[in-house]
Amino acid sequence: MSGKIYQAKHLVKYYECDTTKKMTLPMLVNIMVHTSGEQSHLLGVSDEVVNERGLSWIILQYEMKFNRMPEFAEEITITTQAISYNKLFCYREFKVYGADGKECATAMTTFALIDTEKRKMARIPDDLVEPYEAPFDKKLVRTPKPEKVGEDATSTEYRVRFLDIDRNQHVNNSKYFEWAIDALEYDFLIQYEFDAVNIKFEKEVHYGNMISSEFSRTELEDGKVLTAHRIRTDETVNCELSVVWRKR
């Protein structure tokens, strides 16, 4: 049995949308993470409580599926639920529902705790996760890896700005989506929409770093398109991401 379900409503703002009047993926990710933070606060295990122990939550992977993206001025409902945890990882599910009550998107995420001084992963104290009422399961969840970037990859360079850094002193995870998507052509983004996304974070990116956003593209048999992305600093791979796109 999984843990407590928490839900919140959100009115999609104009600044959360792109030129197609659909909510952007980075904004949707931010709203989902904010919703899980609201649940943690209400359960008495907020980020402040975790930080007092010299710890901080980080997200290692998202696996997302989309029926559609929320639209401008639409009131959506976000639900989140801790599924299970073990000594090193917590697994959490998100669901997004449109104003019509139908499911727009789902996301399975893998969380871990990091020692903020040593910048290394830490074991998860039971008392920090017990309020969620998710079961302990010592088995690791084997998550699929994103597709690898091909040899024909193109690259776009970005410098990490002050506003890219979050309270954990590293790049906010939504920024990786921005770097990956921005490397694609305008015409492609107008014609295609998300079908599925798989992103895995490997190494932190810090203020002032120069990053390369690389991608390759593959046409799939069903008319969909697969783009494989890699974010790196010099020879270090910081993040890998793959997206399946479908025609709008």
Side-chain angles (χ1 to χ4, degrees), residues 13-20 22-34 37 47 51 56-64 69 107 109-121 145-194 197-218 225-243 245:
K13 316 296 193 303
Y14 77 92
Y15 53 80
E16 296 170 338
C17 299
D18 60 21
T19 189
T20 68
K22 299 292 183 68
M23 196 175 199
T24 69
L25 181 56
M27 283 295 179
L28 181 60
V29 168
N30 283 331
I31 295 302
M32 290 193 302
V33 175
H34 179 75
D47 286 345
N51 295 160
S56 181
W57 288 109
I58 59 171
I59 298 175
L60 301 178
Q61 188 166 4
Y62 291 90
E63 296 174 75
M64 309 178 75
M69 293 297 285
T109 56
T110 303
F111 282 74
L113 279 175
I114 188 172
D115 184 307
T116 53
E117 182 177 348
K118 297 178 180 178
R119 308 308 293 178
K120 293 183 179 180
M121 283 176 53
K145 296 181 179 179
E147 298 292 332
K148 294 291 184 180
V149 172
E151 295 182 358
D152 59 340
T154 60
S155 179
T156 305
E157 307 296 312
Y158 298 91
R159 186 181 72 84
V160 180
R161 307 164 304 171
F162 177 81
L163 295 180
D164 296 330
I165 307 298
D166 64 18
R167 59 182 294 171
N168 292 326
Q169 307 302 313
H170 62 197
V171 170
N172 184 280
N173 61 70
S174 68
K175 297 297 179 180
Y176 294 84
F177 292 103
E178 291 185 14
W179 291 328
I181 295 168
D182 186 62
L184 299 167
E185 304 91 342
Y186 179 91
D187 289 345
F188 177 85
L189 295 172
I190 292 296
Q191 296 176 37
Y192 286 85
E193 63 182 1
F194 297 109
V197 174
N198 185 2
I199 184 169
K200 188 172 184 180
F201 303 98
E202 300 289 352
K203 300 288 185 181
E204 294 178 300
V205 177
H206 299 282
Y207 172 73
N209 287 161
M210 289 298 299
I211 69 101
S212 298
S213 176
E214 304 168 333
F215 83 93
S216 60
R217 180 162 36 211
T218 304
V225 175
L226 168 70
T227 56
H229 304 258
R230 179 171 58 219
I231 306 298
R232 64 177 179 85
T233 50
D234 296 324
E235 300 304 314
T236 299
V237 176
N238 303 95
C239 167
E240 291 184 303
L241 162 69
S242 57
V243 183
W245 305 81

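FYI, side chains are in, hydrogens and waters are out, and symmetry mates aren't considered; it's all heavy atoms of this structure.
- A donor-acceptor contact shorter than 3.5 Å is absent between the side chain of Asn209 and the backbone of Ile211.
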Query raised in the report: Does the side-chain contact (heavy atoms from CB on, under 4.5 Å) test come out yes or no for Ile114 and Arg119, once each step is laid out?
Result: CA-CA 6 Å; Ile114 188 172; Arg119 308 308 293 178; 4.3 Å; yes

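- Annotation: side chain of Asn172 is in contact with side chain of Asn30 (closest heavy-atom distance under 4.5 Å).
- For Trp179 against Ser213, the heavy-atom pair with the smallest separation is O-OG, 2.8 Å.
- Note that CG of Asp164 and CZ of Arg159 are 8.5 Å apart. Values are rounded to the nearest 0.5 Å.
- Lys203 NZ: 12 or fewer foreign heavy atoms inside a 6.0 Å radius.
- Considering only heavy atoms from C-beta on, Thr24 stays 4.5 Å or farther from Phe177 through its side chain.
- Applying the salt bridge (charged side-chain N to carboxylate O under 4.0 Å, His left out) rule to pairs touching residues 181-190 yields Glu185-Arg217, sequence neighbours excluded.
- Rounding to the nearest 0.5 angstrom, the gap separating the CE atom in Met23 from the OH atom in Tyr15 is 9.5 Å.
- Counted by atom type alone, Tyr62 and Asn173 present one or more donor-acceptor pairs between their side chains at under 3.5 Å.
- For Ser212 against Ser155, the heavy-atom pair with the smallest separation is CB-OG, 3.6 Å.
- A heavy-atom distance below 4.5 Å is not found between the side chains of Ser56 and Asp47.
- Of the inter-residue distances, the one linking Asn238 atom CG with Ile231 atom CD1 reads 8.0 Å to the nearest 0.5 angstrom.
- Put simply, the side chain of Phe194 does not reach to within 4.5 Å of the side chain of Leu28, judged on heavy atoms.
- Counting only heavy atoms from C-beta outward, the side chains of Val29 and Met64 approach each other to under 4.5 Å.
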Query - Verdict with reasoning, Leu189 to Trp245, per side-chain contact (heavy atoms from CB on, under 4.5 Å) - result: CA-CA 9 Å; Leu189 295 172; Trp245 305 81; 3.7 Å; yes

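- One finds the CG atom of Asp166 at 11.0 Å from the CD1 atom of Ile58 (value rounded to the nearest 0.5 Å).
- With a 4.5 Å cut-off on side-chain heavy atoms, Thr20 and Glu193 do not count as touching.
- Partners of Lys200 according to the salt bridge (charged side-chain N to carboxylate O under 4.0 Å, His left out) rule, which considers only residues two or more places apart in sequence or in another chain, do not exist here.
- Residues Tyr207 and Arg161 come closest through the heavy atom pair CD1-C, 3.7 Å.
- Rounded to the nearest 0.5 Å, atoms SG (Cys239) and NZ (Lys175) are 14.5 Å apart.
- Note that the CZ atom of Arg230 and the CD atom of Glu147 stand 13.5 Å from one another [nearest 0.5 Å].
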Query - CA sep, side-chain torsions, deciding dist, call: Lys22, Asp18, side-chain contact (heavy atoms from CB on, under 4.5 Å) - result: CA-CA 6 Å; Lys22 299 292 183 68; Asp18 60 21; 4.2 Å; yes

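- The closest side-chain heavy-atom distance from Pro146 to Leu241 is not below 4.5 Å.
- Sorted by first and then second residue, the pairs that involve residues 232-242 and meet salt bridge (charged side-chain N to carboxylate O under 4.0 Å, His left out), not counting sequence neighbours, are Lys148-Glu240, Glu214-Arg232.
- Listed here is the closest heavy atom pair of Thr109 and Phe111: OG1-CE1, 3.2 Å.
- Closest heavy-atom contact between His229 and Phe215: ND1-CB, 3.4 Å.
- Between Val171 and His206, the closest heavy-atom pair is CG2-N, 4.5 Å.
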